[in-house]
Each structure stands twice: as structure tokens, then as C-alpha cells.
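First the proteins, then the strands, lettered A, B, ... as listed; each starts at 1.
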Amino acid sequence: MMPLAAMAASPFELLALSPPGWGGTLLLGLANTMVIAVGAYALGLAIGIMGAFGKLYGGPITRDLLAVYTTIVRAVPELVLILILFYAVPGLINEILIGLGHERIVLPPLITGIAVLGVVQGAYSTEVLRGAIQAVPHGQIEAARAMGMTPMLTARRITLPLMTSNAIPGLANLWLNATKDTALLAVIGFSELTKATYQAAATTKAFFTFYLAAMALYLAISLLSTVLFGRIEKWARRGQRVMSR
Amino acid sequence: MGAPRAEGHEQMTDFLKPHRIVMIAIAVALVLACIFLLNWSWLENPKYQTLILQGIWRTIWITIVTMVIGMLLAIPIGLAQAAGPWYLAVPARVFCTVIRGTPLLMQLWLLYYGLGSLFPSIPWIRESDLWPLLRQAWPYAVVALSLSVAGYEGEVMRGAFKGVPHGQLEAARAMGMPRFTALRRIWLPQAIHRVLPTIGGETVLQLKATPLVSTITVMEIYAVVGRIRQDTFIIYEPLLFLAAVYMCLTGLIVLLYRWFEGRMPKRVA
């Protein structure tokens, strides 16, 4: 049945931007994917920076709680975490709101998606950043302390700039994971690129056209990101001696 | 593992600091509260019990089978990239880039919905002996997950092949070994030895990828729990159970791997 429908319209007609074609839907899905990926990545980085400093310099209880967080998130499939957080977080917020005597609210799916993927990303960023901070030569931090810098100033001026070059390859990987993990939100019905593709393909029965088009879009994101992160790493490593192998 | 007794004892007291005892007590209280306050009656239903056991078994089976097939595919892919002529290296490189650059869910759906809709329209496939197999969902799941492992591990294997010291291969050649014997006796074993430490982590990642196959109707544990949730209208409890199952499986993989690692010879050229 599929070849008949597929032959009825050429791939170019199917991928046209205006409504008879589904190109517009796909691009809208791509925009949603990018918004979620960027949001989740930023949230993950924020959690990761706090988590890494907490794991390295925090008190015993902070450290143990962070260990529990990263272990659980890395041991349970993202899809399961997304499902749990997707139901639990809005439920919890509403319980609190009702407890405080407020109205029940419906969280926009975009915000929920970003929050859920951000929490997942946070666990991985914590580990990447922790490793990067640990690779900063200890003498640098001691020197900063000897100069009388406060811990915040040391972090801002010494540790964070020095660890950036160590962290970039890991963070680049995490960004690629963030873009790919957005596809999981399709399973809970959020209309990002994968879901849009699924709808287009299921409606027109032109499975190969749409799946290959969407894969090309994902691939383009990933290739562009790789180039971009390569540039950033070069910039972060400026002034460092090139390691010869 | 093989640590002397006194050290093990010290580690134990090191682990049980006062704040940890309090935290463990809180954790135990939370777990007990979950057990006694939440609704677990669905676990007593024999129908669901068999479904759950089947689902867990299917998850384990898919993880192992796809890991093995994927690793076997990764070896030639890595070798082609590390030492192959350009007409093998370029396709291998493109394959790895495509697999690593697109979501697994997309690849799975492309295979299942794309090929799955193409096959019925080709007469000789419908008449072949393979048709009953191709009508089911699990072959597509196994193929997609295996290719995913092959893509990621192919890249790792490339690094491993390149990481084997050149002197080893030169020595083999100097001994008059044919190229294939050198590969079988010298290059491949050393490359695999370099990859082994990463396999535990990769297996955990693979386990975490398996719930995706529930979207193409393979009834592994994630799909089973989804069905229980639909049947019983219980929202949270099955999900908590599911998370616990995955944590146990991950723990099992980590422990098995540690045991295996302890038995591996440590000598590296």
C-alpha cells in the first residue's frame, strides 16, 4: 500500500513547506527540538557546575546526596526517568500549590520537557565537570589561595577558565546526547522533530521520505555542532602547549 | 574483592560514618513507606507476574544478543577505518557518523515502519521462508539496536586498533607472519584487550536503550509496565517498580563485569 501513496506524490511535493507538503511541520518540529535541547543543556550545565563543586568541596551530606542523584540517573533509562518526572514533578508542584491554597496549574509541555531532560543532563554534566575540575593542576588553586582569593573568586578566575578546555570534549558529547534525547519526548507525545516526522509519515505512508529527511536534519545538527565544538575547544586551549604524542 | 580482611573492615567503618547511618535510616524509612503506603496489589496478580518475568527476560535477552552482534560487527568496521583501503574506510566512517548523529528512536522507526511497509509489497519476500519472521517486531528491534552498538563501538574499535603499538605489528611482520595471522594473533587480541574496560559501561548504556523497542510493540519490561498502568489506572507504583528493576539490572551488570575484570590478565603490551 505504501508505494502507491508514495508514488502519488514526489518526495519534493511531500516535503514542500506549505500545507499540502509536510516540510513546514518538520521544520517546526526541528525548532521545538532545538529549543528543548538548548534549554535542557543550559539547565544541565547549571546543575552540573553546582553538582561538580558540591561533589568536590561540599560537606559529607551534600556529597552523598549528589552521589545518589548521579548514580540513580545514570542507572535508570532516560525514557523511564522522563516518564517518572513527567508525572511526578507536575503532581508534586500541584500538591504544594493546593497545600498553599492556590489553584491547580497545568505546566506547559515545553517547560516540563526542558526540566525533565535538564535533570537527566545535570547528572552527566556533574560527572564531566567534576573530572575536568580535578584535572586542574592543584598548584594553580593553591597559588590562588596564597594570593588571598576567596573561594568564589578562585572558582571564577582560576578553576572555571582552566577546566573549560578539559571539559569541552565531554560537554560536546553531552550536547549531542541532548539533541538526540529530545527524540524521547516523542514517546510522551511532545511534538518535536521525531513526533512530527512520525505524524507526517503515518499520514502520507511515505515512511522513507520523511524518516530520511528527519535523519538528515539530525545529522546536520550533529555535524555542525561537532565543527562548532572543535572551534570552541581550539579557543579554550589557546596559549596551551600542544601535546605531542 | 581479594582485599585482606582488616582492610575490608576498615572500609566498612569508613563507609558507615554517623551521617551515613542517618541517611541510610531515612532511605530505609522511605522504602518502607513506599512498600506499605502505596498500592502494590497488582503485583499479586498471577497474570501480571508472568508478564513481568517474561518482560524482564526479554529485556536481558535483547541487551545481550544485540551487544554480541554489535561488537562482532564493530570489529570489521573499526578495522576498515583504522587500516582499510579508502573504499572500505569511507563507508565505515559514514556508517558510524550516521548512527552516532541520529537518535536511536529514529533509526528504529525507519527500520520498522519503513522496511516494514516496504516488505509486504515485494512478492518474493512475502513468499520466502523468512516472511513469518519479518512480520514480527523483534527482528527489527534486534537489528536496529545491534547496528547502534556497531556504530558506537566501531568508533571505539578504530581507536583501539590504532592504539596498538606499531612495533608489535612490525615484529610480527619480521617474524614472517602472513598479514591475516598477524591480525588474528597480534593485532586483534591487543585491540580487544584495550576495549574490554569500556564494555561494562557500554552494556549498561545498551540496557538503557532497550525500552525504546517498546514503541514498536516488543513486550519487554517497559512495555509490560506500560500495559499494567493502562489496565489498572495506577500511575506511580509500576513506574517505581520499573526504575527499581532497571537499577537491579544495572547493578547486576556492574557486579558481573567487576568479577570478570578481576579474572582478566592485566598485562598490556
- Atom pair CG/CG of A:L79 and B:L242 - distance to nearest 0.5 Å: 9.0 Å
- Message: Show the nearest heavy-atom pair for residues A:P77 and B:Y246, with the distance to one decimal.
- Response: CD-CG, 3.3 Å
- Message: For a 4.5 angstrom cut-off between non-hydrogen side-chain atoms, does B:L212 reach A:L184?
- Response: yes
- Under 4.5 Å heavy-atom distance to chain B, tell me which part of A:L176 shows up: side chain, backbone, both or neither. neither
- Closest non-hydrogen contact found for A:A186 with B:L105 is CB-CD2, 4.4 Å
- Note on the structure: Applying a strict 4.5 Å limit to non-hydrogen atoms, the region of B:V204 in contact with chain A is side chain
- Message: With a sphere of 6.0 Å drawn around CZ of A:F53, does it hold more than 12 non-hydrogen atoms of other residues, nucleotides or ligands?
- Response: yes
- Item | Side chains of B:R20 and A:D64 in contact at under 4.5 Å (non-hydrogen atoms) | yes
- Of the backbone (N, CA, C, O) and the side chain (C-beta and beyond), which part of B:L115 lies under 4.5 Å from a heavy atom of chain A, both, or neither? both
- Task: Would you please classify the geometry between the B:Y113 ring and the A:F207 ring as parallel, tilted or perpendicular, with 30° and 60° separating the classes?
- Result: parallel
- Message: Run the side-chain contact (heavy atoms from CB on, under 4.5 Å) test on B:W109 and A:T197 for me, step by step, so that the C-alpha distance in whole Å, both residues' side-chain angles and the decisive distance to 0.1 Å come before the verdict.
- Response: CA-CA 10 Å; B:W109 286 358; A:T197 311; over 6 Å; no
- Query: Can you tell me how far OH of A:Y211 sits from CG of B:L111, rounded to the nearest 0.5 angstrom?
  - Reply: 11.0 Å
- Message: Could you check whether atom CH2 of B:W57 has more than 12 heavy atoms from other residues, nucleotides or ligands sitting under 6.0 Å from it?
- Response: no
- Between A:L65 and chain B, which part of the residue has a heavy atom less than 4.5 Å away: side chain, backbone, both or neither? both
- Of all the residues in residues 119-130 of chain A, which have a heavy atom that comes within less than 4.5 Å of a heavy atom in chain B? A:Y124
- Can you tell me how far the CG atom of A:N173 sits from the CZ atom of B:R100, to the nearest 0.5 Å? 7.0 Å
- Message: Please determine whether the number of non-hydrogen atoms from other residues, nucleotides or ligands lying under 6.0 Å from atom OH of A:Y87 exceeds 12.
- Response: no
- Query: Given the options A:S222, A:P60, A:A183, A:A201, which has more heavy-atom pairs under 4.5 Å with chain B than any of the others?
  - Reply: A:P60
- Task: Using a 4.5 Å cut-off on heavy atoms from C-beta on, say whether the side chain of A:K180 contacts that of B:T102.
- Result: no
- Of the listed residues (B:T250, B:L104, B:L110, B:T97), which shares the most heavy-atom pairs with chain A below a 4.5 Å separation? B:L110
- Query: So which heavy atom on A:R74 is nearest to which on B:K208, and how close?
  - Reply: O-NZ, 3.1 Å
- Note on the structure: Looking only at heavy atoms, the pair that brings A:I84 and B:A243 closest together is CD1-CB, 3.9 Å
- Hey, which residues of residues 224-240 of chain B are touching chain A, say heavy atoms under 4.5 Å apart? B:R229, B:I235, B:Y236, B:L239
- Query: How far apart are the C-alpha atoms of A:V187 and B:Y222, what are their side-chain angles, what is the distance that settles it, and do they pass the side-chain contact (heavy atoms from CB on, under 4.5 Å) test?
  - Reply: CA-CA 12 Å; A:V187 175; B:Y222 180 88; 4.3 Å; yes
- Item | side-chain contact (heavy atoms from CB on, under 4.5 Å) assessment of B:Q107 paired with A:M215 | CA-CA 8 Å; B:Q107 298 160 15; A:M215 278 173 100; 3.6 Å; yes
